[in-house]
Amino acid sequence: MRDIILAGNWKMHKTIEESKEIALCLKEKFTELPLNVILFPPFTALYSISELLKGSNISVGGQNVYFEEKGAFTGEISPVMLKEAGAKYVIAGHSERRNIFNETDELIKKKICSAVENGMDVIFCVGEKLEEREAGRTEEVISKEIRIALDGIPREVLDHIIIAYEPVWAIGTGVAASPDEAAAIHKFIRSILDDMFVRGAGANMSILYGGSIKPENFIEFAILDEIDGGLVGGASLKCEDFYDIGKILVECKKL
Ligand code: 13P
């Protein structure tokens, strides 16, 4: 059985006070839902939010991590520090990190391994840009991202990874992928994992869809077996919307 997960990536939004406000609202609402929920607040709010959510079914994670545990890396955050602040998860490979901050597949691999070695699970994001999609290169791009970042990693590390398929053109645009297309990519991702590891590795991997998820469109994704949940940006910034997405997931997956 794969884990069904709802994750909210707040990106560079919300002050500490604003983060606390929405976290309190979510804590109250989500107690009635049997769902694994993860929030990725900005670093400044991570500790206070993790304290505030103690005893709830909502975990917190870091939106980014560096692979070294300490040292002269001005502006970076280490896995040890994240964990101390309450993070149970880390996002690696988000397209904004890849495209704005030039993160490579090789760097992403180091981040994944370091986070897992330090006791956290990773949401590893992959996805194609619009021009890559239009050139018919979607599968090639995703295959490369996965094959480099997960090359040679031990099976026990793989067990701590969740993959998020986030087509770059669908992020923050209001234009989500078609649910069937997303499901087909999820299936493709599973086939890559089977090829890289052992048969069955793909079937065991939780794969989330991300990109313009809203309460209005999420049911179409959540009803598909290939889709094990969502990584939500904009709609996770509103308590009601994120909760409505959670309710849809619980209903569709019969949790
Ligand atoms: P949106 O839901 O705002 O499109 O963002 C998706 C995303 O990038 C989550 O990591």
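Since the structure is predicted, the reported quantities are computational estimates derived from the model, not experimental observations. Each ligand, and each atom within it, is numbered from 1 in the order the structure gives.
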Could you tell me whether E103 and K111 make a salt bridge, using a distance below 4.0 angstrom between a side-chain N and a carboxylate O?
-> yes

Will you find, in the side chains of E32 and Y243, an N or O donor that is under 3.5 Å from an N or O acceptor?
-> yes

Answer yes if the side chains of N57 and K27 hold a donor-acceptor pair under 3.5 Å, and no otherwise.
-> no

Distance-only donor-acceptor pairs under 3.5 Å for side chains of residues 65-72, two or more places apart:
residue, atom, partner, partner atom, Å
E69, OE2, N118, ND2, 3.4

Find out whether I163 and S206 are in side-chain contact, i.e. whether some heavy atom of one side chain is under 4.5 Å from a heavy atom of the other.
-> no

Pick out the protein N or O atoms lying less than 3.5 Å from any N or O of ligand 1, and list each pair with its distance.
residue, atom, partner, partner atom, Å
ligand 1, 2 (O), G233, N, 2.9
ligand 1, 3 (O), G234, N, 2.8
ligand 1, 4 (O), G172, N, 2.7
ligand 1, 4 (O), S212, N, 2.8
ligand 1, 5 (O), K11, NZ, 3.4
ligand 1, 8 (O), K11, NZ, 2.8
ligand 1, 8 (O), H94, NE2, 2.9
ligand 1, 8 (O), E166, OE1, 3.4
ligand 1, 10 (O), N9, ND2, 3.1
ligand 1, 10 (O), H94, NE2, 2.9
ligand 1, 10 (O), E166, OE1, 3.2
ligand 1, 10 (O), E166, OE2, 3.0

Any donor-acceptor N/O pair, E18 side chain to T15 backbone, under 3.5 Å = yes

